[in-house]
Undergrad: 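One structure coming up, written as structure tokens, with questions to follow.
Along the sequence shown, residues carry numbers from 1.
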Amino acid sequence: MRKTNSPSSIRDQLRKFLPSNHLLPALLIAILCLSLFLSLSTESFATSKSLVNLLEANSYRLILALGMLMVISSGGIDLSQGSIISLSAILAALGMKQGLPVSLSVLIALVSGALLGALNGLLINLTKLDAFILTLATSFMYRGLSLILTRGIPLTLLPADFRNFAARDFLGMETGVGFALLLLLILIPIYRFMPWGHYLRSLGGNAQALARSGVSVGAYRISAYAFSGFTAALAGLIISARLNSAEANAGMNMQVHAICAVVMGGTPLEGGRGSLLGTFLAVILLGLVRQGLTILSVSAYYQEFITGGLLLAALIFAELREVKTRPKNS
């Protein structure tokens with residue numbers, strides 16, 4: 001009888017073509033190839049303004065992805081980021097509408113985002129529920145609070161000083177870019193070389209072994225989600241300041257883009273490790289895809305479809321790559 005290809009044998013064949021230690025160069029090559037294609041296809045891409053637009057449009061996406069990276073590398077996932085974006089910005093806008101100083105309103109939003117994220121981590125730690133299900137539930141709750149507070153009406157005409165929070169000049173770019181790059185630079189030593197980053201990766205790799213070593217697993221899990229909530233709040237403030245508006249529908253599905261960037265950057269969904277540089281390059285690559293589709297006048301509907309396809313491809317790639325690098329006796 002003729003042998004048929006089983007799913008496992010097909011996966012084995014595909015794994016032979018997957019790089020195990022060359023993901024970052026592959027992302028760089030993809031960025032360079034796409035940039036070259038867009039430069040040859042359009043006259044408006046190969047300009048300094050186009051680069052500035054790319055960085056400005058993806059500054060908050062990078063901030064969001066860095067928060068998601070901490071959660072995923074610790075073995076969790078956060079589907080509430082998009083809802084925290086809207087709720088934190090609305091809290092800041094309501095504060096300013098009540099006459100609070102812009103700085104205090106911004107602080108309220110950032111603290112609120114961190115607390116909402118910490119609540120996710122606390123509930124996961126107490127209930128032992130799957131993070132996917134629990135953060136999906138809190139996502140609806142946080143979005144519902146946004147609708148309750150605004151009655152579905154956007155909060156506009158915010159103070160000019162708040163507008164400067166994201167639009168003030170930073171080396172010829174909006175300050176949102178500065179926030180994103182500063183956060184990335186701060187995380188490099190903290191995540192790679194300090195105990196917090198080490199314990200987060202260990203939490204994703206083997207939580208039981210970490211607990212047996214005397215480390216407070218719950219505290220570090222909560223801190224990862226608190227940081228994710230903080231980055232969501234910061235992203236929400238940047239978006240709100242750029243648009244001069246805070247609304248309940250802001251940040252819709254942005255957590256999916258963050259997950260896509262983290263996975264494409266080389267972080268497995270199971271956690272245990274993570275790549276800051278890979279996440280940064282993936283955010284730039286996804287931003288190039290969106291910018292290229294816009295320049296080529298491709299409908300926004302197709303952009304969402306293509307983003308979903310990239311996420312699916314990244315998940316398949318990550319799974320095949322993870323199995324390839326996994327010890328055979330594990």
Side-chain angles (χ1 to χ4, degrees), residues 23-69 81-82 85 163 165-185 187-188 231-232 234-243 250-251 253-266 275-300 302-311 313-314:
L23 181 61
L24 296 184
L27 288 171
L28 278 172
I29 292 172
I31 290 172
L32 292 174
C33 290
L34 184 55
S35 299
L36 179 61
F37 170 76
L38 292 174
S39 299
L40 297 175
S41 301
T42 63
E43 297 180 356
S44 60
F45 179 77
T47 62
S48 58
K49 183 179 180 181
S50 180
L51 176 60
V52 169
N53 290 339
L54 175 67
L55 294 175
E56 289 179 346
N58 292 280
S59 59
Y60 61 88
R61 290 187 172 94
L62 175 58
I63 291 171
L64 203 62
L66 292 174
M68 186 66 75
L69 171 63
Q81 272 192 338
I85 284 176
R163 168 72 177 168
F165 178 79
R168 186 177 297 161
D169 185 79
F170 169 77
L171 301 177
M173 297 174 286
E174 293 179 351
T175 46
V177 178
F179 289 136
L181 295 179
L182 178 62
L183 184 62
L184 177 62
L185 291 176
L187 281 176
I188 289 174
T231 58
L234 180 56
L237 288 170
I238 293 172
I239 295 170
S240 182
R242 291 183 68 189
L243 299 177
N253 295 326
M254 281 189 182
Q255 69 276 3
V256 177
H257 296 265
I259 294 170
C260 186
V262 172
V263 174
M264 285 183 65
S275 173
L276 288 166
L277 180 56
T279 299
F280 170 74
L281 292 176
V283 169
I284 296 300
L285 178 59
L286 290 170
L288 272 175
V289 171
R290 282 188 293 268
Q291 187 176 38
L293 292 174
T294 301
I295 292 174
L296 297 173
S297 300
V298 177
S299 169
Y302 291 100
Q303 293 183 34
E304 286 298 313
F305 176 81
I306 291 171
T307 300
L310 287 173
L311 176 58

Undergrad: So do the side chains of Leu285 and Leu281 get within less than 4.5 Å of each other, counting heavy atoms only?
TA: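 Of all side-chain heavy-atom pairs linking Leu281 with Leu285, none is under 4.5 Å.
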Undergrad: To the nearest 0.5 Å, tell me how far Ile188 CD1 sits from Phe280 CZ.
TA: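 Rounded to the nearest 0.5 Å, the CD1-CZ separation comes out at 10.0 Å.
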Undergrad: For residues Leu64 and Leu234, determine if any side-chain heavy atom of one lies less than 4.5 Å from a side-chain heavy atom of the other.
TA: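 Sidechains of Leu234 and Leu64: no contact.
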Undergrad: Determine the minimum heavy-atom distance between Ser59 and Ala180, stating which atoms define it.
TA: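 So the two residues come closest at O-CB, 3.5 Å.
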Undergrad: Working to the nearest 0.5 angstrom, can you tell me the gap between Ile31 CD1 and Ile284 CD1?
TA: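 The CD1 atom of Ile31 sits 6.5 Å away from the CD1 atom of Ile284.
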Undergrad: Can you find a pair of side-chain heavy atoms, one from Asn58 and one from Arg290, that are under 4.5 Å apart?
TA: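 The answer is yes, as the side chains (C-beta and beyond) meet within the 4.5 Å cut-off.
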Undergrad: Is a side-chain donor or acceptor of Thr175 paired with a backbone partner of Gly178 at a separation under 3.5 angstrom?
TA: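 No, Thr175 side chain to Gly178 backbone: no donor-acceptor pair under 3.5 Å.
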Undergrad: Do any N or O atoms from the side chain of Glu174 and from the backbone of Ile238 form a donor-acceptor pair under 3.5 angstrom?
TA: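 No: the side chain of Glu174 does not pair with the backbone of Ile238.
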Undergrad: Any idea which heavy atoms bring Ile63 and Ala235 closest together, and the distance?
TA: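 That closest heavy-atom pairing would be CG2-N, 4.4 Å.
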Undergrad: Would you find a donor on one side and an acceptor on the other, under 3.5 Å apart, between the side chain of Ser240 and the backbone of Gly236?
TA: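 No: the side chain of Ser240 does not pair with the backbone of Gly236.
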Undergrad: What's the separation between atom CD in Glu56 and atom NZ in Lys49, rounded to the nearest 0.5 Å?
TA: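 Result: 10.0 Å between the selected atoms.
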Undergrad: Between Met68 and Gln255, is any pair of side-chain heavy atoms under 4.5 Å apart?
TA: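 Yes. Closest side-chain heavy atoms under 4.5 Å.
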Undergrad: Given 3.5 Å as the limit, does a donor-acceptor pair link the side chain of Arg163 with the main chain of Arg242, or not?
TA: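 Such a contact is found between Arg163 side chain and Arg242 backbone.
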Undergrad: When rounded to the nearest 0.5 angstrom, what is the spacing between CG in Leu40 and OG in Ser35?
TA: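 Answer rounded to 0.5 Å: 11.0 Å.
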Undergrad: Heavy-atom distance under 4.5 Å between the side chains of Arg61 and Leu286, does that happen here?
TA: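 Side-chain contact under 4.5 Å: no.
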Undergrad: Using the side chain to side chain contact (heavy atoms under 4.5 Å, CB included) rule, pick out the option among Leu62, Leu181, Val177 that qualifies with Leu55.
TA: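 For Leu55, the side chain to side chain contact (heavy atoms under 4.5 Å, CB included) check succeeds only for Val177.
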Undergrad: Is the closest side-chain heavy-atom distance between Tyr302 and Leu293 below 4.5 Å?
TA: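 They are not in side-chain contact.
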Undergrad: Can you tell me how far CG of Leu187 sits from CG of Leu276, rounded to the nearest 0.5 angstrom?
TA: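 The CG atom of Leu187 is 6.0 Å from CG of Leu276, to the nearest 0.5 Å.
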Undergrad: Looking only at heavy atoms, which two atoms of Leu288 and Leu34 are closest? And how far apart?
TA: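 Heavy atoms of Leu288 and Leu34 come nearest at CB-CD2, 3.6 Å.
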Undergrad: Closest approach of Ala282 and Gly265, non-hydrogen atoms and distance?
TA: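 Shortest heavy-atom contact: CB-N, 3.9 Å.
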Undergrad: Considering all heavy atoms of both residues, which atom of Phe179 and which atom of Phe165 are nearest to each other, and what is their separation?
TA: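 Residues Phe179 and Phe165, closest heavy atoms: CE1-O, 3.4 Å.
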Undergrad: Can you tell me how far CD1 of Ile239 sits from CD1 of Ile85, rounded to the nearest 0.5 angstrom?
TA: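 It comes to 4.5 Å.
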Undergrad: Please report the shortest heavy-atom distance between Val283 and Ala65, naming the atom on each side.
TA: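 Taking Val283 first and Ala65 second, the nearest heavy atoms are CG2-CB, 3.9 Å.
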